[in-house]
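Start at 1 and go down the list; that is how both ligands and their atoms are numbered.
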Amino acid sequence: MTIAQNSENVPVLRWGFLGAGLIAASFAEDLVQAQQHHKYQHEIVAVATRNSQERAAAFTERFKGSSSFPKAYGSYEELVQDSNVDIVYVSNHHPQHYDTVKLALLAGKGVLCEKPLTINYPEALDLVELAREKKVFFAEGFWIRFFPIVKKAQQLLHEERVCGKYLRLFIDFCLNSRFRELPNESRMCNVSLGAGALLDMGVYPLTWSQVLLFDDPLNGKNDPTVSSNALTFTDNNDDVGDYSTAVTLVFPKSQAIAVLCTSMDRDPVTQDFLRVDGDNGVQLIISGKCFRPQTLTLKKPDGSSEIMDFSFDATGFFYEQDAVFECIMKNLNEASEIPHGESLRMMRLTDQIRHQLKISYPADIRFTTN
Ligand SMILES: NC(=O)C1=CN([C@@H]2O[C@H](COP(=O)(O)OP(=O)(O)OC[C@H]3O[C@@H](n4cnc5c(N)ncnc54)[C@H](OP(=O)(O)O)[C@@H]3O)[C@@H](O)[C@H]2O)C=CC1
Ligand SMILES: O=C1OC[C@@H](O)[C@H](O)[C@H]1O
């Protein structure tokens with residue numbers, strides 16, 4: 001696919017939005033209102049909601065670009081037929097990602113889909129195989145993988161071995177969603193809409209463990225052994241979800257271990273959400289939010305510290321958005337920061353953990369084999 005050019009012959013990537021909710025608004029803000037951070041030109045040319053042209057029009061009113069006025073559709077089916085759309089951003093609820101992404105892929109559109117890619121591994125595998133068959137770009141929008149701080153942490157740990165060997169990773173990701181107080185139609189408390197700590201938030205600590213321990217050359221790309229446990233809630237439909245979930249991962253080859261805790265019933269008591277140590281007394285600490293890290297600190301045994309600032313204004317989607325632009329420009333069908341295999345690995349891992357926790361989603365029925 002070639003990227004369109006504007007009236008000044010500048011290449012512009014033309015986005016279509018399927019879903020006009022909360023994260024769609026944050027993503028749109030960075031896309032069209034954070035030009036100071038972008039290397040490339042982006043435009044929103046179409047927005048669709050599942051059932052309301054008016055709501056789509058209200059969204060386009062908020063985020064019309066400088067040189068165009070996005071089309072507003074009252075159905076996803078209409079948007080995916082729009083020839084002006086180069087790439088589709090999917091941001092509805094996790095259980096709807098599968099059908100929505102499939103609709104766009106079948107229409108020959110490239111897709112960037114919010115995390116978690118799907119509810120389970122079979123859905124993710126079906127979409128990856130379809131994208132490869134259609135030869136279109138497809139990626140999970142796991143935005144932290146595009147942050148410079150991730151590459152720096154990998155370089156320090158894997159190349160410079162600043163913490164030595166035999167790494168231990170501790171992550172505490174807390175964010176009070178007040179799920180017990182929300183109305184039943186909220187995705188944070190309704191299991192049918194994807195509610196649950198593991199799939200909504202736990203995928204962040206699991207992603208950190210993938211990029212810091214799984215990707216460590218000493219691990220040799222060997223999958224970890226996994227154990228997990230959780231505190232659960234029952235929603236108004238009598239479906240059960242997890243709200244505070246602990247996962248340990250052991251990597252036998254590199255003799256590394258990860259201890260991860262994700263809780264959606266409380267706010268953090270510290271900004272230092274991630275710590276790595278090894279066999280030389282040096283600690284690598286990442287501070288900020290698990291989904292929006294800001295500083296990396298090396299704490300040395302002599303009491304000294306080295307602080308690296310990776311803070312940015314705007315939300316931070318601009319890293320991911322420009323990476324997608326480069327993939328489309330180079331006719332790549334997946335992003336090197338999050339290859340299809342990494343999204344599939346994540347869904348295999350969360351399926352394995354959900355099996356241990358005995359947590360299922362109504363959407364699991366789609367691929368349940370008897
Ligand atoms: N990357 C990040 O930092 C974040 C990612 N996310 C991810 O984005 C996705 C959406 O989250 P968020 O924006 O908070 O969600 P919202 O609750 O804002 O809803 C998003 C969209 O889902 C659809 N939707 C809402 N309610 C229903 C319903 N009852 N039945 C069917 N569809 C419904 C609507 O789509 P429509 O407009 O088409 O009607 C809505 O606009 C999730 O998968 C989440 O994991 C969320 C927050 C942060
Ligand atoms: O991706 C996310 O990051 C922050 C959380 O507030 C949100 O629920 C989750 O989907």
At under 4.0 Å between heavy atoms, what of H94 touches ligand 2? The answer is neither
L198 vs I353 side-chain heavy atoms within contact, under 4.5 Å: yes
Taking the six-membered ring for Trp and the full ring for Phe, Tyr or His, determine whether the centres of F325 and Y40 are under 6.0 Å apart. yes
Would you mind telling me if ligand 2 is within reach of the side chain of M188, the backbone, both or neither, using heavy atoms under 4.0 Å? side chain
If you scan protein heavy atoms around atom 1 (O) of ligand 2, the nearest is Y204 OH, 2.7 Å
For ligand 2, is M264 a contact, meaning one of its heavy atoms is under 4.0 Å away? no
Would you say W208 and Y166 are hydrophobically clustered, going by side-chain heavy atoms of ILVMFWY under 4.5 Å? no
Hydrophobic cluster membership, with links at side-chain heavy-atom distances under 4.5 Å among I/L/V/M/F/W/Y: are L106 and Y98 in one? yes
Out of the candidates R168, Q283, K299, only one should pair with D277 under the side-chain hydrogen bond (donor to acceptor under 3.5 Å, both in side chains) rule; please name it. R168
In this structure, are over 12 heavy atoms from other groups packed under 6.0 Å from K165 atom NZ? no
Non-hydrogen atoms of H93 versus ligand 2: any pair closer than 4.0 Å? no
For the pair R14 (side chain) and N84 (backbone), establish whether a donor and an acceptor sit closer than 3.5 Å, ignoring hydrogens and angles. yes
Return the closest protein heavy atom for atom 6 (O) of ligand 2 as residue, atom name and distance. L175 CD2, 3.1 Å
For ligand 2, which atoms, with element, lie under 4.0 Å from some heavy atom of K115? 1 (O), 2 (C), 9 (C), 10 (O)
Should the heavy atoms of other residues, nucleotides or ligands under 6.0 Å from NZ of K289 be counted, would the total exceed 12? no
I need the contact residues for ligand 1: any residue with a non-hydrogen atom closer than 4.0 Å to the ligand, ordered by chain then number. G19, A20, G21, L22, I23, T49, R50, R55, Y76, S91, N92, H93, H94, Q96, H97, E114, K115, P116, W143, R187, L193, D200, Y204, F317
With F27 as reference, evaluate W143, F317, F63 under the ring-ring contact (aromatic ring centres under 6.0 Å, His included) test and give the passing residue. F317
Counting the benzene-type ring for Trp, do F312 and H37 have ring centres under 6.0 Å apart? no
protein heavy-atom neighbour closest to atom 7 (C) of ligand 2 works out as D200 OD2, 3.6 Å
